[in-house]
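Just below is one structure, and these are the notes that go with it.
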Amino acid sequence: MSARIAFVFPGQGAQKVGMGKDWAERFELARRTFEEADEALGFALSTLCWEGPEEELQLTANTQPALVATEVAIWRVVAAEGGLTPSVMAGHSLGEYTALVAAGGLDLADALRLVRRRGQLMQEAVPMGEGAMAAIMGLADEEVEAVTAEAAGGEVCSAANYNSPGQTVIAGSTAAVERAVELAKARGARKATLLKVSAPFHCALMRPAREGLAPLLAATAFRDPAVPVVTNVDAAPVTSGEAARDALVRQVDSPVRWVESVQHMAGAMGVGRFVELGPAKVLSALIRRTVEGVETETIEKPEQLVTEG
């Protein structure tokens, strides 16, 4: 019996100029997806994805819809041509929106409008320079949590992304995150470094963004997904549109529990094969470091599409 399959979608950080262009040139289904995205947003998102400029693509209000459009374009071709039938889907942070589109829980046009506004709200939540994120390598989760608690000193500093065992991203007020980086090094972290990001995602400083996004999510139609989607905020599957919407609200200022999500899919849900769909190889290595004995593959280029079944 073949292994159960999970489709997983990366989040911010996977973007690059040129993404999706090879898919659109080769597959009409992908080209139509980008046309749909351009129409939904009222500007040429496809041109931004394919030609840049890079500094425009890197603006979070552009990055978020650009990634969703590219990932949905790839997923649609894979779904039509690849012969792969997933039992579950998940996405890292922003990628959860793609997962819900792919699972039939959310229309692409709605997802694009939501993540465009999500990006704007996240950027507006914290004045430039007042928030930061850092990657901590080589410390256990509880060690990272002790470091952030000590470094906070009345400011915000907490784990934002549990990416793989020994790789955690933290977020919060700039000074507190800088203190945490130095503390982590003193506690034996293999690496502790500030990240080039535009805002401190997935921490309490994002509360204004959550409050701004909640009514937009409430006004958006969600359907029950055709396959379960494992959410970042609970590391557990949702099977109703209402639960999916609620998870997206809470996700904004809560940590991404990717390690637990992968463990749940590989364990309780019996997934033995993870297929990453996106413009860059981001999640596959994290998955291999999180669970042993699973198969991972990335479909980022059309030539990686292998017809099965």
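For His92, the ring-ring contact (aromatic ring centres under 6.0 Å, His included) partners two or more places apart in sequence, or in a different chain, are Trp258. Applying the ring-ring contact (aromatic ring centres under 6.0 Å, His included) rule to Phe222 yields no partners; only residues at least two apart in sequence or on another chain are considered. The side chain to side chain donor-acceptor pair (under 3.5 Å) check on Glu96 picks up Asn232, with sequence neighbours excluded. Residues passing the side chain to side chain donor-acceptor pair (under 3.5 Å) test with Glu51: none are found, sequence neighbours excluded.
In summary, the side chains of Thr298 and Ser284 do present a donor paired with an acceptor at a separation below 3.5 Å, with no hydrogens or angles considered. Residues Gln251 and Arg118 bring a donor and an acceptor atom of their side chains to less than 3.5 Å of each other. There is no side-chain donor-acceptor pair under 3.5 Å between Thr290 and Gln263. In the model, Thr60 has a side-chain atom that pairs as donor or acceptor with a side-chain atom of Gln64 under 3.5 Å.
Proximity of Glu276 to Val282: side-chain heavy atoms (C-beta onward) are separated by under 4.5 Å at one or more points. Side-chain atoms of Glu54 and Val17, non-hydrogen and from C-beta on, do get closer than 4.5 Å to each other. Between Arg116 and Asn62, the closest side-chain pair of non-hydrogen atoms falls below 4.5 Å. Residues Thr98 and Met89 fail the side-chain proximity criterion, which asks for heavy atoms closer than 4.5 Å. A 4.5 Å side-chain heavy-atom check between Phe7 and Val227 finds every atom pair outside the cut-off. Between Pro302 and Phe27, some side-chain heavy-atom pair lies under the 4.5 Å cut-off. Side chains of Arg4 and Pro86 form no contact here, defined as non-hydrogen atoms less than 4.5 Å apart.
Residue pairs meeting the side-chain hydrogen bond (donor to acceptor under 3.5 Å, both in side chains) criterion with at least one partner in residues 234-244, sequence neighbours excluded, are Asp234-Arg250, Glu242-Arg245.
None of Ile170, Leu183, Val169 except one satisfies the side-chain contact (heavy atoms from CB on, under 4.5 Å) rule with Val144; the exception is Ile170.
Between the side chain of Gln304 and the backbone N or O of Lys301, at least one donor-acceptor pair lies under 3.5 Å. The backbone N or O of Pro279 sits less than 3.5 Å from a side-chain atom of Lys16, completing a donor-acceptor pair. Between the side chain of His202 and the main chain of Ser254, a donor-acceptor pair closer than 3.5 Å is present. Of the possible polar contacts, none joining the Gln123 side chain to the Ala199 backbone as a donor-acceptor pair under 3.5 Å is found. A distance-only check finds no donor-acceptor pair linking the side chain of Gln15 to the backbone of Leu57 [under 3.5 Å]. Within the 3.5 Å criterion, the main-chain N or O of Asp22 finds no donor-acceptor partner in the side chain of Glu25. When atom types are taken as modelled, the side chain of Arg76 and the backbone of Leu29 share no donor-acceptor pair closer than 3.5 angstrom. Using a distance-only test at 3.5 Å, with no hydrogens or angles considered, a donor-acceptor pair links the side chain of Asp38 to the main chain of Leu45. For Arg273 (side chain) and Thr296 (main-chain N/O), no donor-acceptor pair under 3.5 Å exists by modelled atom type.
Surrounding NZ of Lys281 are at most 12 heavy atoms belonging to other residues, nucleotides or ligands under 6.0 Å away. Around the CD atom of Glu55, the shell of radius 6.0 Å holds more than 12 heavy atoms that belong to other residues, nucleotides or ligands.
By the 4.5 Å side-chain criterion applied to Ile, Leu, Val, Met, Phe, Trp and Tyr, Trp50 is assigned to a cluster that also includes Phe34.
With respect to Arg32 and Glu35, no salt bridge is recorded, no charged nitrogen being found less than 4.0 Å from a carboxylate O. Ion pair Glu295/Arg288 not flagged as a salt bridge, since none of the NZ, NE, NH1 or NH2 atoms sits closer than 4.0 Å to an Asp/Glu carboxylate oxygen.
Considering every non-hydrogen atom in both Ala209 and Val252, the closest pair reads CB-CG1, 3.9 Å.
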